[in-house]
Every structure is written in structure tokens, then in C-alpha cells.
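To start, the structure under review is shown below, and the notes come after it.
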There are 2 protein chains.
Amino acid sequence: MLTKDDWRTIRSCLLLRSMEEEDLLALIDERMVLSLERGEQLFGQDDPARALFLILEGRMKLSRLDADGGEAVVHIFAKAETFAEAAMFLDKKYPMSAVAVTPARVLAIASTALRARIAAKPDVAFAMLASMSSHLKALVNQIETMTLLTGEERIIRFLIDLIGNRSGAVTLTLPYEKTLIAKRLGMRPETFSRSLARLRVIGVEIKGATVAVTDVQSLRDRHR
Amino acid sequence: MLTKDDWRTIRSCLLLRSMEEEDLLALIDERMVLSLERGEQLFGQDDPARALFLILEGRMKLSRLDADGGEAVVHIFAKAETFAEAAMFLDKKYPMSAVAVTPARVLAIASTALRARIAAKPDVAFAMLASMSSHLKALVNQIETMTLLTGEERIIRFLIDLIGNRSGAVTLTLPYEKTLIAKRLGMRPETFSRSLARLRVIGVEIKGATVAVTDVQSLRDRHR
DNA sequence: CGCCCATTTGAGAGTAATCAAGTTTTGTGG
DNA sequence: CCACAAAACTTGATTACTCTCAAATGGGCG
């Protein structure tokens, strides 16, 4: 079932928003909405790729698992974002796994339908290319971040991203578990916890998932 | 000037190989071949993106520079590879800089021409999507590698990639300077040098740019 | 209440960066 | 072809950072 809000979400996503009504209707099928519990896997690494996904509600973690149990969290996607676009053009296998990190609802968009639309309408191709470009850019960012910044600096950047353009004293809620944030930032939960605690001296108070920043500017000053 | 070998290169590249003659001719202009000296910059971070590039000869380094002089090498592209596809679909600015790390010749393919071809021919769109998918996959790999492996393990993986499917005793030449390999693997030259030296005990002899591996299997065994 | 899980904290070890010399290689002009 | 300067590379000592292992602590939920 697609609610009114779902349609708003669909309309706000980079991949679909430029699409004409008829194209959208050709792609979207109400029966393709999947509900996932927290922790439930949508697809696994190397599963055959038959669809890409749009998040209607919740958040999904995309990560790569290695032989001895290590996990590299590549990205965490939120409402109105699409993921798994790339797989349908190469191996037709997902190169990583997708797991819900909150209860979630996702809309599956069949590869075959989308390929057909691309073949029929160049605009759809451009939308797809834009969407993939934006993922590419995010990954480049992530590589830069992990190469050039220390753990503490990555945390600061993460907080600044959450703060957005607010200023002065700001209170915010961490969007997901600290353990997950830690992995997403490429560090151990212990290291994250310690580094976060160390930010107290520059006016960052943590209480559970609530973060109070005394003065956003002092954070920004510390940030390169 | 495009030589016969250049045409072979063009024909072997993922983005262009599936294209029909007429599309290719519409995209490629002999006057768009650029010769670069080693160290010469093709474009800088935030330059307006008017073209993507195919390497006819040499190698190009794509990297991101931060305010205080740090450099994150995102990828090094070789002959027959294309790069900078993504910029033309979003900001129309290159998100990183491109510098020749050997003397190089590159073919510029104008964004406008390519967009026109995509609009006219779905096949071109698919080729483009496949090309971008492959870059996406490479970046995901890089993130995994940098998150999950130690420096030494990344070096081993790098060597194994160079070795390809050869076995037994193998001698190979490092494809570019050690300093650059180090950065590409996300570590300091000093660390690279030391780690490489440490591989001697598992049968890796280094002499200048020449690497002799006594037994490839022992490398693979150490590799996860 | 009691268990499970996330989080915190501590101690110690390991990994990589930085700073500082050397050494080797490379490219260039004489 | 040699000399020399610049760049690349190596090596050593030290410091910074992050991980691992281990043991609390705390909260949420049946």
C-alpha cells in the first residue's frame, strides 16, 4: 500500500522526481512495498540483483562483509533515497548486503522495468546517471574522510553534518545507534565512545542519543 | 592525431566498445587529444566539467586535496580507462583533480556531445551506466579495503592484483612510484617502505621498482 | 526482577604517523 | 660521460592513534 506520504517521498527522490507520470506508473507497483523489521536483511552480498530500492520509511545499512566476520559499513541510506542502482548494469549481483537498521518500508523497483524505461526515454537515463553520480560523489567523500581525518575529526564532521545550518546552541538526536555510527565512520565502538567523551571539553554534551552542542562555532573551528 | 593503436584502445574501453561506428565518430574528434607531461594537471578540483576523458597512453591520478595540503588519492587510471564521467550529471564541476603521473595522452570527450548521444541512443546510456557502475564498485572496494585491512595487508592485496593469475615464482615491475602507491593505499611513504621491507620474510624481494616473489602461494595464503 | 544489549571505561599492545637523517636514484647541464 | 642537484626512497627514534581484550555500567523490555 502506498500512502499519500509515500507518494510525496517518491516525488522527492533524485532518481524519480524528474520522471513523468506515465513512467512512474510503469515502474511502481503497490505490491512491491516491503516491510522490514530492524535487523532484517533485504539482500545479501552476491545475491542476484533484480531490483533497486527506494526507502519509504526507516534506514538501511549497506555494508560489505569479509571472510572473518569483519564489516565495512559503506553507507547508511535514509528516507527518500534510492540504493543498489549500480548492480543492474554489471554483474547483476549486489556487491554488498543491505540490512534494515530501523523498522523500514522500501519500494522495490524492478530492474527490467527500469531498463525498459531507460531504453524508451532518455530522461530516465539522465535521472539514473545523476543518481549514480551522487552516490559516486558520496563515496569519494568517504574515502577522503577516512584517509585524511582522524577518528575524532570524522566525528566532528558527522556532527556538523547533522547540525546543518543551525547556529549557536544546538540540541540534536543521533540518527541511529552509536555502534553503528562508529562503524559507519570506520572505527570501533570503543574508540567512538572515547572520542565523543573527549569532545566534552569543546562543549559537546552527550546523554544517551541526545547531543547538546554549546556553541556550534567552536565545533566548526575545530573542523577542517 | 589518433593512431591505429589509439583506435584499438578506444574500442577496448568499457564505455565505448559497445558503441556503433556513427556514435563513436560523433563523439571523437582528433583535435581533442591532449598530451600531458608527468606532473601536469588536466583539471583541478572544482573546475567546470566540460568533458570526460579516455586515457590513450600513460596514467592519471585522481585525488582530493584538503585545505592544509593533505592529499587523498582516490584512484589511478590506466590506458583504456575513462574517468570523470560523473561530474557532467550533477554539479558540472569536477569533484577532484586529475594529474598525469607519467607522460600521458588523453582523449577528451565533450559532455555536450555525449549527452546528445545518450539522448538519441539508449545503448549509449547503458554503456555509460555500466561504466559508472564499475567505478562505483571500485570505490566500494577501496572503502572496504581501507576499513578492514592493515597497511601490510593492503600492500599484499595490491601485489596479488599485479600478479594476476600467474603462479610460482614471479617477477614484476611496480607500475608507478612507491610514494604514489603508498598514497593510493592510504598510507605514508615511510610506512609503505617499511611494510614492504617486512615482506622479505615471506619471499618478496624488492630492488628498485622490481619485485620478485619467490612463491606466489605464500602471498595468497597471507591474504584475506 | 532479571536478562540482553548497547555503551562506557581501563589497561595494554599494535599500527601508523611524524620528525629527522641518511642513501639511492634520476634527470640535467656542462 | 660526469658532476651535481633534486627527488625518491630508506631507516631510525619517537609520538599519536586506534584496536583488542576485559570488565563494569546502564537501560529497556518481557
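Here is how names work: the chains are called A, B, and so on, in the same order as the sequence lines, proteins then strands, and each is numbered from 1.
- Residue B/Thr191 places at least one side-chain N or O under 4.0 Å from the OP1 or OP2 atom of C/dA17.
- For the residue pair A/Ser131/A/Glu85, the side-chain donor-acceptor check at 3.5 Å is satisfied.
- At whole-Å resolution of the value, CG in A/Leu149 and P in D/dA16 are 19 Å apart.
- Note: B/His135 and B/Phe77 meet the aromatic proximity criterion, with ring centroids under 6.0 Å apart.
- By the 4.0 Å N-to-carboxylate-O rule, A/Arg64 lies too far from A/Glu71 to be salt-bridged with it.
- Using a 3.5 Å distance cut-off with no hydrogens or angles, the side chains of A/Thr145 and A/Arg157 do pair a donor with an acceptor.
- The phosphate of C/dG14 (OP1 or OP2) has no side-chain N or O of B/Thr150 nearer than 4.0 angstrom.
- Following rounding to the nearest Å, B/Leu196 (CG) and D/dA8 (P) show an atom-to-atom distance of 17 Å.
- Taking atom CE of A/Met187 as the reference point, atom C1' of D/dC17 lies 11 Å away to the nearest angstrom.
- Proximity note for B/Arg38 (side chain, C-beta onward) versus D/dC19, D/dA8, D/dT10: the nearest is D/dA8.
- Classification of B/Lys92 and B/Asp47 as a salt-bridged pair fails, no side-chain N sitting under 4.0 Å from a carboxylate O.
- Rounded to an integer number of Å, the gap from NZ of A/Lys207 to C1' of D/dG26 is 12 Å.
- A close approach under 4.0 Å does not occur between any side-chain nitrogen or oxygen of A/Arg194 and OP1 or OP2 of D/dT18.
- Picking from D/dC9, C/dT8, C/dA17 the nucleotide with the shortest atom distance to the side chain of A/Ser193 gives C/dT8.
- Of all nucleotides listed (C/dT7, D/dT10, C/dT9), C/dT9 comes nearest to the side chain of A/Glu190.
- Atoms CG (A/Leu180) and C1' (C/dC5) sit 15 Å apart, rounded to a whole Å.
- One can place CD of B/Glu152 at 13 Å from P of C/dA17, the figure rounded to the nearest angstrom.
- Going from atom CZ of B/Arg198 over to atom C1' of D/dC9 covers 16 Å, rounded to whole Å.
- Taking 4.0 angstrom as the limit, B/Lys178 places a side-chain polar atom (N or O) nearer than this to OP1 or OP2 of D/dT10.
- For the pair B/Lys183 NZ and D/dA7 P, the computed distance is 14 Å after rounding to whole Å.
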